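Computed from a predicted structure; not experimentally measured. Remember, it's 1-based here, ligands and their atoms both numbered in the order they're listed.
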Amino acid sequence: MPYLEIRDLQTHFRKRAGSVFAPTVETIRAVDGVSLSIEKGEILGLVGESGCGKSTLSRTVMQLIRPTAGSIILDGEDLAKLPPSVVRKRRLDFQMIFQDPYASLNPRMTVFSTLAEAIKQRHPGIGGDDLAGRVTRLMETVGLDPRFQKKYPHEFSGGQRQRIAIARALAPEPKLVIADEPVSALDVSIQSQILNLLKKLRADLGLTMIFITHDLGVVRYLADRIVVMYKGKIVEEGEAEALFDHPRNDYTKKLLAAIPKLAATPA
Ligand SMILES: Nc1ncnc2c1ncn2[C@@H]1O[C@H](COP(=O)(O)OP(=O)(O)O)[C@@H](O)[C@H]1O
Ligand SMILES: [Mg+2]
C-alpha cells in the first residue's frame, strides 16, 4: 500500500465571467483528475509550467482547499472524507516549504521562537532544556549554527533563511513535506546547497516529500520519480532518470528542451 495515494482528485474554482448584462460563471479546472502515489521515504518531483495547477494540488493535499471530488489517502485514511475539526489536527502531518522564506517567516520572531512554536504544535507541554535541545538539534540538522538562535530572519542570507524555513517545517515531525518552488528565488550556487540538504534529510530522516518546480532541471538529481503536470492533468510519470533519457510526451520534451536555455539566462 502506498504511503500517500491521490485518486482522481479534482479541485475546481468558479469565476464570474461574461458582462454585467449577461453574467456567466466559468469553471476553472485547476486540478482535473489527478491520481498519483508516494511511498514512504520517496521524493516525488511535480513539474509543470506556471498556472498548470501545482500549487492548487499541494493546497488540496494540505487540506487548505477541500477537493471538488476524489480521495487523498494518507496511511490508509481518506482525508477528503474527514470532518473539518479532524482535518485541522491532521494538517500538522503536512508541512510546507515555500519559494520565499522571508515572506513565510515572521520577521519579529527569532529563530528560537519560530522553531519552539513549531515544536510545541506537536508537543504542547514541552519547555526548558528539552525544548532548547530540540531547537539546537533542528538547527544542526539543517546546517545552521545553533549559536545564531537569538537572531531574526533579516540577519540571515536567503539560503540560510530557507534553511530556517526547512527546520520549521521539520519541527512538528510531519509525515509529508510539500516544497513549492523552494529554490526558485535563490542564486544557482545556493540552489544546489539547498537541494543537497534536502537529499541529505531524506537519507538521514527518511523524509517523504513532494518537490514542486517549474524547472525540470532542478529535480533531476533529487527526485526518485517525476510527474509532469499540464493544464490540471498529469501527462507523464516515470522514474527520474528514465523520464530524462526517454521522455514520451511532447510537453515533457519541451520542458526538457528548455533546461539549457534557462541555465544560460543571466540572473
Ligand atoms: N483561489 C483561486 N480562485 C480562482 N482560481 C484560482 C485560484 N487559485 C488558483 N487558481 C487558478 O488555477 C489555475 C492553477 O493555478 P496554480 O495552482 O497556482 O498553478 P501553479 O502553481 O502551477 O502555477 C490557474 O489558472 C489559477 O489562475
Ligand atoms: Mg504555484
- Please state which protein non-hydrogen atom is closest to atom 16 (P) of ligand 1 and give its distance, to 0.1 Å? Thr56 OG1, 3.6 Å
- Task: Using protein heavy atoms only, decide if any is under 4.0 Å from atom 27 (O) of ligand 1.
- Result: no
- Query: So does Ser55 have any N/O/S atom less than 2.8 Å away from the Mg ion (ligand 2)?
  - Reply: yes
- Protein non-hydrogen atom below 4.0 angstrom of atom 9 (C) of ligand 1 present: yes
- Task: Could you verify whether a donor N or O on one side chain and an acceptor N or O on the other, from Thr60 and Thr11, lie under 3.5 Å apart?
- Result: yes
- Query: Counting only heavy atoms not in Asp145, do more than 12 fall under 6.0 Å of its CG?
  - Reply: yes
- Query: Among Ala30, Gly53, Gly51, Ser58, which residue places a heavy atom closest to atom 12 (O) of ligand 1?
  - Reply: Ala30
- Message: Evaluate Lys40 against Asp224 for salt bridge (Lys or Arg N to Asp or Glu O under 4.0 Å), listing each step before the verdict.
- Response: CA-CA 12 Å; Lys40 200 167 169 45; Asp224 304 297; over 6 Å; no
- Item | Ser55 neighbourhood, listing ligand 1 atoms whose heavy-atom distance to it stays under 4.0 Å | 17 (O), 18 (O), 20 (P), 21 (O)
- Enumerated ligand 1 atoms positioned under 4.0 Å from heavy atoms of Ser50: 23 (O)
- Item | Over 12 foreign heavy atoms within 6.0 Å of NZ, Lys253 | yes
- Message: Evaluate Cys52 for polar contact with ligand 1, using N/O atom pairs at a separation under 3.5 Å.
- Response: yes
- Query: Which word best sums up how the rings of Phe148 and Phe156 line up, parallel for under 30°, tilted for 30 to 60°, or perpendicular for over 60°?
  - Reply: perpendicular
- Short side-chain to backbone donor-acceptor contact, Arg225 and Ser37, under 3.5 Å: yes
- Query: What is the nearest protein non-hydrogen atom to atom 5 (N) of ligand 1, stated with its residue, atom name and distance?
  - Reply: Phe13 CD1, 3.4 Å
- Query: Under 3.5 Å, side chain of Glu155 to main-chain N/O of Tyr152, donor-acceptor pair present?
  - Reply: yes
